[in-house]
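Here is the naming used below: chain letters follow the sequence lines, and residue numbers restart at 1 for every chain.
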Amino acid sequence: MSYRYEVRLAGEGGQGVVTGGLVLAEAAARYEGKNVVMTQTYAPQQRGGPARTEVVISEDDIDYPKVLEADVLLALSQDAFDRYYRQMKRNGVIIAESARVGGEVSGHVTVFRMPLEEVSRQVTGSGLSANFVALGVISGLRGIVSPVALRSALRARFPGNGREANLKALSAGVLLGKYMKQGKIISPTELRQVT
Amino acid sequence: MSYRYEVRLAGEGGQGVVTGGLVLAEAAARYEGKNVVMTQTYAPQQRGGPARTEVVISEDDIDYPKVLEADVLLALSQDAFDRYYRQMKRNGVIIAESARVGGEVSGHVTVFRMPLEEVSRQVTGSGLSANFVALGVISGLRGIVSPVALRSALRARFPGNGREANLKALSAGVLLGKYMKQGKIISPTELRQVT
Amino acid sequence: MAVEKLPPLQDYLRTKKKFPTVWCPGCGIGIVLGGVIRGVARLKLNKDEVALLSGIGCTGRMPVYADFNTLHTTHGRALTFATGLKLARPGLKVIVVMGDGDALAIGGNHFIHAARRNLDLTAIVVNNGIYGMTGGQQSPTTPLSARAITTPYGNIDQPFDVCFLAKAAGASFVARTTTYHAGEVERLVARAINKKGFAVVEILSQCPVFYGKMNQGQNAVEMLRWFRDNTSTQSVAGKIRRGILVDQDLPEYLGEYQKLVGRAQEKKSVRKRMAAGASK
Amino acid sequence: MAVEKLPPLQDYLRTKKKFPTVWCPGCGIGIVLGGVIRGVARLKLNKDEVALLSGIGCTGRMPVYADFNTLHTTHGRALTFATGLKLARPGLKVIVVMGDGDALAIGGNHFIHAARRNLDLTAIVVNNGIYGMTGGQQSPTTPLSARAITTPYGNIDQPFDVCFLAKAAGASFVARTTTYHAGEVERLVARAINKKGFAVVEILSQCPVFYGKMNQGQNAVEMLRWFRDNTSTQSVAGKIRRGILVDQDLPEYLGEYQKLVGRAQEKKSVRKRMAAGASK
Amino acid sequence: MTWMEAEPKEKVTFYRQWCKNCGICAAFCPRAALAYDEAGCPFLADPAACEGCGLCELLCPDFAITVPSRHEG
Amino acid sequence: MTWMEAEPKEKVTFYRQWCKNCGICAAFCPRAALAYDEAGCPFLADPAACEGCGLCELLCPDFAITVPSRHEG
Amino acid sequence: MANRRSVRFIQGNEAIAEGALAAGMGFFAAYPITPANEISEVLARELPARGGIFIQMEDEIASLGAVLGASLGGMKAGTATSGPGFSLMQEHIGYAATAEIPCVVVDVQRAGPSTGIPTHPAQGDVMQARWGTHGDHPIIALSPSSVLECYALAVRAFNLAEKYRTPVVLLADEVVAHMREKVGEWPQLEVLTRPAAAVPPEWYFPYDNDLGDVPPLVSFGEGYRYHVTGLLHDKSGFPTQRVDEVDPWFERLFHKIEGNVDDIVQVEEEGTEDAETVLVSYGASARSARHAMKMARDKGRMVGVVRLITIWPFPEARVRELTRQAKRFIVVEMNRGQVRLEVERVVGGCAAVEGVHRYDGEMVSPLSIVKAIEEA
Amino acid sequence: MANRRSVRFIQGNEAIAEGALAAGMGFFAAYPITPANEISEVLARELPARGGIFIQMEDEIASLGAVLGASLGGMKAGTATSGPGFSLMQEHIGYAATAEIPCVVVDVQRAGPSTGIPTHPAQGDVMQARWGTHGDHPIIALSPSSVLECYALAVRAFNLAEKYRTPVVLLADEVVAHMREKVGEWPQLEVLTRPAAAVPPEWYFPYDNDLGDVPPLVSFGEGYRYHVTGLLHDKSGFPTQRVDEVDPWFERLFHKIEGNVDDIVQVEEEGTEDAETVLVSYGASARSARHAMKMARDKGRMVGVVRLITIWPFPEARVRELTRQAKRFIVVEMNRGQVRLEVERVVGGCAAVEGVHRYDGEMVSPLSIVKAIEEA
Ligand SMILES: Cc1ncc(C[n+]2csc(CCOP(=O)(O)OP(=O)(O)O)c2C)c(N)n1
Ligand SMILES: Cc1ncc(C[n+]2csc(CCOP(=O)(O)OP(=O)(O)O)c2C)c(N)n1
Ligand code: SF4
Ligand code: SF4
Ligand code: SF4
Ligand code: SF4
Ligand code: SF4
Ligand code: SF4
Ligand SMILES: [Mg+2]
Ligand SMILES: [Mg+2]
């Protein structure tokens, strides 16, 4: 079996974890020719309840479609973090929205707490593209899917409005991710420069 | 196993085979202390379709509740006769309404074709009590259930109107049955005298 | 009305197979069957283009006798089958006969929704105020304080006014008559078949064996007399109104659906053209 | 109206457990819940003597939040449970909240039969013209040509007039209001609870997330404005009538059933006496 | 004799096999032209009185009566 | 702070935890007395204007507003 | 004379109605259907005379809905139907199982599938009684074989429903329902009533999984104000999706039935002590089987009968035990082999399993059973 | 680039809808329910654009009723629902089986029983698909495991429905229905259409039992004017109670399915050639099983997977065959052991039968399967 890359995006309804997952998955599937399975879990709440998307990426056939141990967890809410921070691979990475998630994790997992919404606000004027900032970070940091593929997938999903803002957020995330990969810590002012 | 007496009453809806069966069964059950099971088969027709009642009488427990091979078949219609004349015990007796049933039966079964409705009309003024004439015949001829028990059961079933006519029909039948038992053949005129 | 000659009725009946009918002597359902067949004959419809559907009940046994495309469905659901059939075969005249229990107890929802949707169906409710088939239980049209097997102390449920309900639900055509007025049955059924949209004909009918027997021991003749004496084509106090109660032109479902298909196909071709343009 | 003080609302809510609600921001169902609770509070009913039932849907989630005897039944069937509960416990005030799909699509038959039977129940229909819970499909009250997930080319089904249907089916009390008229909700619910017999209150409500979004992208505020501007307590052309549309005194089912019990017991004792006499 | 072939030249024809003796036809004949035989089946007792109105045919629940003048062929 | 204990002496009290920022309350206040803070929650921006009519309480779908003068105790 | 007067000759359906009354049923809602109608007929007359409630509803779905509402209101409640109506009741049967609301559903089986032959018998709904509703759920089903047993099992059905807070199906068949037998005074049978809550409202949890198999059900209107739903729920009755709340509930739900099979399961045996061939049957068919057994024994065959009084939960243990001695099982039923599937599964190759099946609206004849026995 | 454009990343429900369209479905009637809604969403858009009919009905009973009417009118017709709606459809499923009207019912299974957890997966309706309606009747049920298979089995479901004049249940589950996978151009699949009658109207019998397993069904309105009923019927379609007419019909009805299992039954196997332990699974759970198999094989365990594509009729022959070699069967399913009962029955003691079951709304994890494998 070739490597099985497992990404879990979790937060609340309205935070765009499903759209984020979709763009990530389509990028890998349509633009990089990988096998990809995406699943999502719905809550009874119409809006605002817990939302979760899981994307499994592999060169091989994918049997079990859900995340067993995540390579990457995106936690956009405290609840999401608390539920899932344990189900990680060795050397897994957690990217958490610093404005919403607190708490410590010990062990072999790296946690990046980042002001994703703040970044989104800075680049797009609204916090709504935090999901794409996060996708960019994941791409920049772990290289699962290339920024080019992500951009193409995003363009295909958003033919009209929202496209430009989301692309900006994505690029900002990519840059951030690359910085982080180099071990840099980014101050808010640097952030502003980056984006 | 003690003797299992099986009576099948068959005809069309409206001819009173169910009521007849009920009186026969209740006579045996309530007034002679026998075990009795009665079943009936319904047709889709509201009125006028084939109707069938089966009464099984025994001193013992009765398991199978339907007639296997009848001791007595009352056939009030041609259809009833054609359907059931084969399913008889050795030495079984078929009592058939002569105004409605034709056809020959060979073998170890005795067929009495009798103008039951005519008798009923003569004694009660209407042909509707033919079923009770037949019950009387069965009692008189085979003695399965005593006339006294039949009369009591009939009285219990018909508190009000119809009681007297039906009782008359029953008595006529009993007499007829006794005559027949003695091997007598009854002409229409004799009939009139009997009743 | 000029007396118009009808084709011989046996042309419309499965005379060789299924007669005499299962119904009790004097039952009104046979009169309704005659009316329906005369209505069809009056319109000179080809038997192949008529479908007669029913639910379950004594009334539900009607299709067996008529030489159309006939469908005996489940209890209460005939209108749902009719909806599918009519949409799939718009060329068929789809006539649905139902008992009062069939149409309005278990089938009440389909009845009001069919009326609302206004698909071009003809719904005939044979209202005998009782469940005949199952042996005389109350129905949603059993009159107050009437006796039935399940109302031995008199009925306390308000009965439906079938026609008013059909109207409130949105039917295009609503009419009422009785088995005594057999000629009206024929004419109203013909009118209903010709009406574009959901058309309801309520026919008060006699079940002498259960309803009649349990209620003053009326026989068929007495029940027909009651229909004669207690109904009127005028609004008369104390009498049940007969005749056409609603006849309005509302958008019929099939027609609307055809338009919708047009919109959908236009949209699709626009989408295609745009896609073609984009790929240039 | 004199301003009357109400008890603190939290007394009626399961505040510790289930808040905030599952509903989307701006959804009208919360306003209706408030109105129902204020209606109950206004009548100073003991919480133990109130039962709040619902079917399935966004509206169906209402009972969870109210500190009464609460029952979340199956889709469309709440009125049937209510019928059993009320007959078994006549002392309970039984209030049934239903969505438009719940009450009138799958539940339409129970709705008209409950109205016909006229048992003392309070039926509240939260009419948002859409299926909220399942993601925005058309409902039997979706206006003509409106968009829904299952009417991408515009709705072609005639909508029901809920109040007219309730009237035709036999309800004792029928009223209509909107979530914008939240004070009316409270008053009408109180009136409906106090009415002996089957009482219906239809409340036009906003589903901004599906209905609003798919139809001119209206948000909650815009939808409430629409209710304000397009309804009236008077008969005004082009406006939807609000207020009490039917208020009639009909025999209530429980009362009639009590009388029936009396008749039955009398008959039984007569039978017994006759039997006793006969055995002498 | 099959259905509808019975007594073709009469004003009113009866198909006895299908008659269930319900009593409706004679009860409502406006000219009292019908009567019942022993078996309960109707017959045209007063042919002269019959005006061929067809009511008996319409009201018979069992298709046992035809008034030929009202039909084609 | 539990529900309804918030700011008991105000003309209008808000329970922010339940507010979903729907925008209804301020939109319909007849005296335009309400405004929203950064988080989208309402506050009584013009206490003097408020007439205590209670509409904001009635229209809030989330029980996040109380007008204490309209309640007992 | 007094004796004679107390002897009656009545139908199974009437006995079911009288059993339900004896069990304390105060509420009955139904929709007419052949061959269950006599049950309603008796109850429409008798319930009001006792102050109870009889109501004819608009359909079968509504009937069971009303029954569940009444049961939550504190009345023992039941309904009766046949195949087509039983199919329509399936959603509410699942609701009753999930919300744990006691109720009794009488299904008088008639020849199916679909409208079938409404007036003829069958036993074609046996698997449906177990599996007719969606999702996993436990159920109890009983099958009477005589008029007396119609009465006794009606009482027992209500007892089990209350004791285990569960829907109970009384699976009769047209033969037993319409058959008339002689009955005397009814036997005095124990009648169980719903236990009261032992705790005050603040401590009451309608679905407490730590309180043993069956937490007591307090009626609506008695001051306990809890929530009931068909969603999966926590111990208070509120909806939950949490696995740690759902799992213990499921465990209790199934355990209350599976852990009490000794109490719930009843079979009757005749001749099984020394039987090489065991006839497995139930309801009216068991009468054919017993008749055949006697005939076969007369011919010297070692045949016994196990009659299933409880069909669900299936009397697994007893059937398995019998494989120690019996070489053959012949399942006799008026269907195409439904209980036979269970017998095959349970016997697991330890003995031959055959069947004598009939599903065209007629009873299985004892002669065809004897033939099957002799064919070995 | 062309290739990339034809690659889509879609949900199982969308694939089902597209498969139905590819199969020539012209009529779809449904009532909304989670998690089946996307099927309606696609069809509400696509059917009218192709001149077909999409109609949302007032409930599930009406939906299937309309489907049957349309099918008799000559259109291929289907509906989609989930557990609660599937329960309500049971009466009409029996009608379709009895009147032999082709139709497809998609049941996207969600966590039950009752309302359960509407957004979570389960496979709890497997036995219901077989036994949910009253009376004996045959049925076909298929279970897809991937998005591509959602498409392919939708086509196959319509083909089988038409070929055998029978209702076919497409038993999906929430995982497969909502899961997204990459799909390219759909494969070209054979599409069967209803055969025309070979005889003129006078000679046509819609239920001719002498014409082979499946007499052709002529549509209403084509000049054949026959009768259709849910009552047991003779070869013309008219009601009958005659055993000599009913029995041959029953025989053909069951034979058309049971006699054609080779055509109808499909399983997919991996690693069964040398497996000591065989995992039996289907739908989404089969993905867990295959994952577990690979893990176990990595650890040197001889494990294989039989994936049931056809669930009903049960792939009895193949499972029985496997007992020659396999010592253990482990049934993996999102329910409390439904297919497991069938496996136990069929294996008949020739091998151990165990199960890994989960029914709380979550998928079976491959790890728990591996654990079960290793526990032996
Ligand atoms: C689902 C279902 N429930 C009940 C029945 C039994 N049933 C058959 S006909 C009928 C009612 C008959 O009354 P109505 O519809 O008024 O027709 P009528 O016989 O009076 O013409 C009933 C309840 C059934 N066949 N199916
Ligand atoms: C038998 C059944 N069919 C379908 C569903 C799915 N379902 C749940 S809620 C709902 C309709 C919701 O619409 P409405 O009643 O108008 O309530 P709203 O959500 O708009 O308040 C449907 C179809 C179900 N739960 N049960
Ligand atoms: S029972 Fe009543 S409705 Fe049915 S056939 Fe007889 S008279 Fe007609
Ligand atoms: S979906 Fe619509 S009805 Fe449901 S909670 Fe949201 S806004 Fe309200
Ligand atoms: S046609 Fe008219 S007048 Fe002549 S017999 Fe018939 S009803 Fe009487
Ligand atoms: S109306 Fe018809 S069935 Fe009745 S008596 Fe006259 S001919 Fe016979
Ligand atoms: S009480 Fe009335 S005036 Fe005061 S803030 Fe609320 S809505 Fe405005
Ligand atoms: S109405 Fe309520 S929920 Fe909406 S913004 Fe105002 S306080 Fe918040
Ligand atoms: Mg009727
Ligand atoms: Mg709604």
Side-chain angles (χ1 to χ4, degrees), chain C residues 14 17-18 22 46-54 56 60-61 63-64 66-92 94 106 109-110 112-114 116-117 119 253 257-258 260-269 271 279, chain H residues 1-2 5 26-29 44-59 61-77 79 91-92 94-95 98-99 101 103 201 218-231 233-234 236-239:
Chain C
R14 288 170 173 154
K17 285 169 191 153
K18 289 285 154 189
V22 291
N46 181 330
K47 290 187 286 178
D48 287 328
E49 53 172 313
V50 177
L52 185 63
L53 278 66
S54 74
I56 305 275
R61 290 305 182 104
V64 158
D67 192 19
F68 304 130
N69 301 280
T70 56
L71 177 57
H72 182 224
T73 69
T74 49
H75 187 37
R77 320 297 179 187
L79 286 169
T80 71
F81 286 71
T83 299
L85 179 60
K86 179 73 184 178
L87 288 170
R89 288 257 161 189
L92 282 177
V94 179
I106 193 167
N109 205 28
H110 310 306
I112 57 175
H113 279 269
R116 174 173 85 78
R117 209 175 277 125
L119 181 62
Y253 193 82
Y257 195 85
Q258 287 318 327
L260 184 152
V261 163
R263 291 198 294 280
Q265 289 177 338
E266 190 165 312
K267 208 162 184 177
K268 198 177 183 177
S269 68
R271 252 185 297 161
S279 72
Chain H
M1 206 60 178
R5 198 172 284 146
F27 186 96
F28 183 83
R45 199 176 55 226
E46 295 300 328
L47 265 173
R50 294 160 196 238
I53 307 234
F54 170 90
I55 185 168
Q56 181 177 312
M57 295 295 288
E58 56 270 26
D59 64 17
I61 299 174
S63 300
L64 189 47
V67 161
L68 297 179
S71 183
L72 273 176
M75 278 188 169
K76 291 190 184 178
T79 185
E91 190 190 10
H92 279 172
Y95 185 90
T98 305
I101 305 174
C103 63
V218 178
S219 305
F220 268 30
E222 304 207 325
Y224 283 68
R225 295 203 313 277
Y226 56 94
H227 187 66
V228 175
T229 176
L231 291 163
H233 41 267
D234 62 21
S236 306
F238 291 119

**Q.** Heavy-atom contact with chain C under 4.5 Å, split by part of H:Ala29
**A.**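 When you check distances to chain C, no heavy atom of H:Ala29 falls under 4.5 Å.
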Q: Heavy-atom distances under 4.5 Å only: say whether H:Pro201 touches chain C with side chain, backbone, both or neither.
A: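 For H:Pro201, no heavy atom lies under 4.5 Å from chain C.
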Heavy-atom pair with the smallest gap, counting every atom of [X] and [Y]:
X        : Y        : answer
H:Phe238 : C:Val64  : CE2-O, 3.7 Å
C:Leu87  : H:Ile53  : O-CD1, 3.5 Å
C:His72  : H:Thr229 : ND1-OG1, 2.7 Å
C:Lys268 : H:Ala49  : CD-CB, 3.6 Å
H:Ile61  : C:Thr80  : O-OG1, 4.5 Å
H:Ser219 : C:Arg89  : CB-NH2, 3.4 Å

Q: Using non-hydrogen atoms and a 4.5 Å limit, figure out which bit of C:Lys86 sits close to chain H: side chain, backbone, both or neither.
A: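 For C:Lys86, no heavy atom lies under 4.5 Å from chain H.
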Kindly indicate whether the side chain of [X], heavy atoms from C-beta on, has any atom under 4.5 Å from the side chain of [Y].
X       : Y        : result
H:Glu58 : C:Arg117 : yes
C:Arg14 : H:His227 : yes
H:Leu64 : C:Arg77  : no

Q) Does C:Tyr257 reach the main-chain N or O of H:Phe54 with its side chain, forming a donor-acceptor pair under 3.5 Å? A)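 Here the side-chain-to-backbone pair exists.
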Q.
For chain H, which candidate among C:Thr73, C:Val94, C:Leu260 shows the most heavy-atom pairs at distances under 4.5 Å?
A.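 Most heavy-atom pairs under 4.5 Å with chain H: C:Thr73.
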Q: Could I get the full list of side chain to side chain donor-acceptor pair (under 3.5 Å) partners for C:Thr74, not counting sequence neighbours?
A: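 Applying side chain to side chain donor-acceptor pair (under 3.5 Å) to C:Thr74 gives H:His92.
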Q: Please identify each residue that fulfils ring-ring contact (aromatic ring centres under 6.0 Å, His included) with H:Tyr226, with sequence neighbours left out.
A: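 So H:Tyr226 forms a ring-ring contact (aromatic ring centres under 6.0 Å, His included) with H:Tyr204, H:Phe220.
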